[in-house]
Each structure stands twice: as C-alpha cells, then as structure tokens.
Amino acid sequence: MSIQPQVSLGVPATPGTAPRPLRVAVVGAGPAGIYTADHLTAGGDDVLVDLLERLPVPFGLLRYGVAPDHVNIKATGRALMQVLSRPAVRLFAHVDVGHDITAEQLRERYDAVVYAMGASIDRRLGIPGEDLPGSVSATSYVAWYNGHPEGALPDLAQAGAVAVIGMGNVALDVARILLRDPEELSPTDVTHDVLARLRASAVTDVHLIGRRGPQFAKFTTKELRELGELSDVAVVLDAGQLPDQPPQGASQATTRNLAVLQAWAAREPSGARRRLHLHFGARPIEILGQDRVNGLRLERTSDDGGPTGQTWVLPVQSVMRSVGYRGSVVDGVPFDDVQFIIPSDRGRVLRDGLASPGEYVAGWIKRGATGVLGTNRSDAKETVTTLREDAPALLSARAQDPGGVAPLLAENGLRYVDLDGWHAVLAAEARQGAPHGRGHVKISDWDALLQAALPDPDPQQETDPAHTQT
Ligand code: NAP
C-alpha cells in the first residue's frame, strides 16, 4: 500500500503544553475504514486511530462482499492487515455504534470521528410477489456464499432456473457463483456448507435481467468477460438485443462491453450443462407464484427503459434482485434518506447544511454504493486531507486527550475483538480446511467466531500503551 508520508501535526493542544496526538475513531473496519486509518497513520504516531466494527471480524465487503473466486482482489487483505498491525491503530470489533455505544459517546471520547460503515441494505424492486419464498436479495446470497454470520440460506436445491435482476457487477458475481463448477471453489475459503450446497444445486439456467439496453449496463468489462469463460456454461444472447454499432458518444467501457456481447451473440449454440441467458430492455413487473416463486413477469422496454406495454412470463423458480445497496441510519448521525448517505462536503459531515466539527465520513456511506474497491482509497484520502486541515482546530478545542473508547467498554462490560483476536480467528480458519483436504476455510457462525476470537471467558483487555499517552 503506497501512501504519501504525512507532515507531522506538531500542534500543541494549548499554548505551553506538549503536543499530543490527534485521537480519531473510525466507525467500520471495512476497506473504506481501513484505508482511512492507513492515510491517517502513514506518517507516524501523530494520529492514533481506533477502528470500531459491528461484526466480530474486520475487512467488511472485502471478506463478505468480494466473491471468493476473485482471489486477486481478496489478496488486498494482506495490505489491510499491515495497516491493522501499525502501533497507532487499534481494532475494536464486535462493538456496535448506535447500539453498544452511542455516536454521542464516541464524539466525546475522540477529537474526530469518521463514519465508514458502508451501505449494507439491499434496495427493493417494489413489485408484487417480492416477498414470496424464492425471491431474495443478492445481498443475502452474496452474504451466504461469503460465510457472513448473518447470511440467509438460499434454496438452490429446488430452483432449476433463476432470474438475477440488475446489470451491475454484483449481478455478475451472483450469476457466476450460481453457474461456476463448485469444484473450482474448493481451493477458496468458502465454508464446507456453502460448497456442499453448491454441489447439490439444481440450477441449470441463470437469466440476467436488465431494464434498459446493453449500452446502459453498469458492469465492467473484465467481470463481464469472466462469465463467458466459465467451463460447461453456454451464453444465450439474441444478437437482435444489441445495437449494430456502439451509440454515438459511447464510453470506451461501453464500447468494450458491447464488443464482448457481440462476440457472445455470434457463438454457435453448445450443449453445455448450464446456461446464462441475457435479457436487455426487460423490466420486472411482477414475481409470480402461490407458495413460492414460479415465474417472473417482464415488460419489454425501449432502449432507455421506457414502457411498451408488451409483457411476457419467464418461468423461473427463484428471483434474486441485485439492484444496488443503500446505507442505513445510525442514531445521532445526520442521514439523507433520499440518497441514503450521510450528507457531507469533502468528507466533513454536514448538520443542517453546516460542517459539524470533528465529524467525517468515508466510503459508500459518503458517496453511495458506487465504484470498485480501490475507489475507497482515493475517497478516504479526500476525507483524511480535510480532517488534517481541521486538525489544529480540533486539537485546540480540547486541552486534554479525550481518552478513547476502551475505558467505556470496560466500564460497560463489553468484550471486543482486537488484533490478537482477529489473528486467532484466522488461525482457527486455517485449521478448518485440513481434515477436508482444503486450505483456509471461513468460520461463518457468529458464536464460533467469538469463541475463536475470545477464548478466555473473562479476559482483561489491556489498553495499548501507545494509546494511553496524553
Ligand atoms: P449497480 O452497479 O448500481 O447496478 C445496479 C443495477 O440494478 C443496474 O443495472 C440498475 O439498472 C439495476 N436496477 C436498479 N433498480 C432497478 C429496478 N427497480 N428494476 C430493475 N433493475 C434495476 O449496483 P451493484 O451491482 O450492486 O454494485 C454496487 C457497486 O459495487 C458498483 O460500483 C460495482 O461496480 C461494485 N462492485 C464491484 C465489483 C468488482 O469490481 N468486481 C464486484 C461487485 C460490486 P439501471 O442502470 O437501469 O438503473
């Protein structure tokens, strides 16, 4: 991870007193939060960062969102681990801000708080039948195959045909994991149960549904290409759905996507065991079924998504909506409930339109669920640059080090998972694979994660001396 060295703050808390480090809490230990900690601490020990995480383990969407077969992206974890290992950074996982401690308590105990808790709620379609058994969010499927302790078990044994709604990268991940030969996932860290259920899956046909033309698809070309490279999977795409030429003014990314789709449409039909069907200009209007999903009614749309009144039914036994994520509100923190983000200006949280001293935001909860993993790095940098501009004023605002959250957690008897606990989880996961001839295999059960992380029933979690200086 390459970070520019930062200039030391070197600002005395009050005239005549020794300089003290800036104490920052970052809420959320996913990529956005850890990149924020990285930018804050790369220059040395003039900033101390406490990372607070609701789940018992860090890494957020890197662990629980990035698909297991995207091994290169998962490898980013090594760089994130280096940040967590810095003396100026402490991990407090299994601490739910807004529940275990309030946002206000946090603001009292830090010079600055950075909200980086992501956007984990799935968007809904708002059409009839959406709550039928067999209709699920991509979020829950992604969580399940990634071993998230709150992932919901999908019913793959009964669904031969699945509709995946949306043309973004998450929809492609979902389609790929539904179609990929499960044996290819055996070397990854998916749980034994996920592997067993994928092996027993009845899915033969996946229908990707886009409500507009292919030139409006949100996926990236690299991810699109992967779908065409799956073994024993045929792509079914009617060339009539594609424009002959990229539309005028089409971006390079769109032009590349259209070239991939054209090549697929020109392929000879093959007798593959599984099929991926692509439907553009198809708007979902109703999920059908009595006790469970047995079809999806679609309306043909014009290229830009306009209605035509022409409908048809796709016989599918499961519908997975993959139409984006949204952030959720934390008590005591401003929230824009139209855009589902914390309102901000260059990373400064806005309260009633004005920058709130000492409050910052980074990642998806700042800009919405857009961009690839690396986007969070530049996003965090913007926030940290702003925070550093404010640092002299933040330090001057308090004569004393506000002390951080550790004493409050101890006072309330709240046990948290620190870096040692996270290492203990990773070690337990490394041991899980061997009896099955596999490598590192995730622990997905919440209690089992805690047991691995906090084996002692009542440990005294010490405060790191680096963080007790005043
Ligand atoms: P996304 O990129 O915003 O795509 C959402 C898709 O849902 C769009 O095709 C959108 O169509 C469609 N949609 C929205 N509302 C709909 C409705 N009511 N009915 C039918 N379709 C609807 O979201 P995402 O796929 O969840 O991805 C989130 C972010 O994570 C993206 O930035 C993505 O690139 C990133 N990501 C990256 C990777 C990777 O790098 N490998 C993997 C996963 C995710 P319209 O365009 O018509 O609105």
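One-based numbering, in listed order, for ligands and for the atoms of each.
At a 3.5 angstrom cut-off on N or O pairs, Asn169 counts as close to ligand 1. At least one N or O atom of Glu223 sits closer than 3.5 Å to an N or O atom of ligand 1. Where the criterion is an N or O separation shorter than 3.5 Å, residue side chain and backbone included, Gly371 meets it with respect to ligand 1. Annotation: Tyr325 places no N or O atom under 3.5 Å from an N or O atom of ligand 1; distance criterion only. Residue Arg211 has at least one N or O atom closer than 3.5 Å to an N or O atom of ligand 1. Remark: ligand 1 and Trp364 share no N or O pair separated by less than 3.5 Å (distance only, no angle test).
Side-chain atoms of Glu286 never come within 3.5 Å of backbone atoms of Leu288 as a donor-acceptor pair (strictly under, hydrogens ignored). Judged purely by atom type and a 3.5 angstrom limit, Glu299 uses its side chain to pair as donor or acceptor with the backbone of Gly309. No donor-acceptor pair under 3.5 Å is formed between the side chain of Lys218 and the backbone N or O of Gly166.
Summary of contacts: the protein heavy atom closest to atom 4 (O) of ligand 1 is Gly168 CA, 3.6 Å. What sits closest to atom 43 (C) of ligand 1 on the protein, heavy atoms only, is Asp173 OD2, 3.4 Å. In terms of protein heavy atoms, atom 7 (O) of ligand 1 is closest to Val323 CA, 3.3 Å. The protein non-hydrogen atom at the shortest distance from atom 25 (O) of ligand 1 is Val170 N, 3.1 Å. Looking only at heavy atoms of the protein, atom 3 (O) of ligand 1 is closest to Lys218 NZ, 4.1 Å. Remark: minimum distance from atom 46 (O) of ligand 1 to any protein heavy atom is reached at Arg212 NH2, 2.9 Å. Here the heavy atom of the protein found nearest to atom 40 (O) of ligand 1 is Val372 CG1, 3.5 Å. Nearest protein neighbour of atom 23 (O) of ligand 1, counting heavy atoms only, is Gly324 CA, 3.9 Å.
Exactly one residue among Thr386, Thr36, Asp390 makes a side chain to side chain donor-acceptor pair (under 3.5 Å) with Tyr360. That residue is Asp390.
Within ligand 1, the atoms closer than 4.0 Å to a non-hydrogen atom of Thr370 are 32 (O), numbered from 1 in the order shown. Near Met167, meaning under 4.0 Å from any of its heavy atoms, are these atoms of ligand 1: 6 (C), 8 (C), 9 (O). Interface of Leu125 with ligand 1, defined as ligand atoms under 4.0 Å from a residue heavy atom, comprises 17 (C), 18 (N), 19 (N).
The shortest side-chain heavy-atom distance between Val316 and Val162 does not fall under the 4.5 Å cut-off. Residues Ser231 and Glu184 meet the side-chain proximity criterion, which asks for heavy atoms closer than 4.5 Å. With contacts defined as side-chain heavy-atom distances shorter than 4.5 Å, the pair Met167/Phe219 qualifies. Contact annotation: the side chain of Ile165 never approaches that of Ser322 to less than 4.5 Å [non-hydrogen atoms, C-beta and beyond].
Residue-level proximity to ligand 1 for Ile165 is carried by the side chain, the only part with a heavy atom below 4.0 angstrom.
In this structure, CG in Leu91 is found 6.0 Å from CG in Leu84, a value given to the nearest 0.5 Å.
Taking 4.0 Å as the cut-off between side-chain N and carboxylate O, Arg176 and Glu226 count as a salt-bridged pair. A salt bridge links Arg292 to Asp155: one of the charged nitrogens lies within less than 4.0 Å of a carboxylate oxygen.
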Checklist entry - Would Arg86 and Thr41 satisfy side chain to side chain donor-acceptor pair (under 3.5 Å), going step by step from the backbone distance to the final call? => result CA-CA 8 Å; Arg86 286 187 192 152; Thr41 59; 2.9 Å; yes
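Heavy-atom separations between Ala369 and ligand 1 include at least one value shorter than 4.0 Å.
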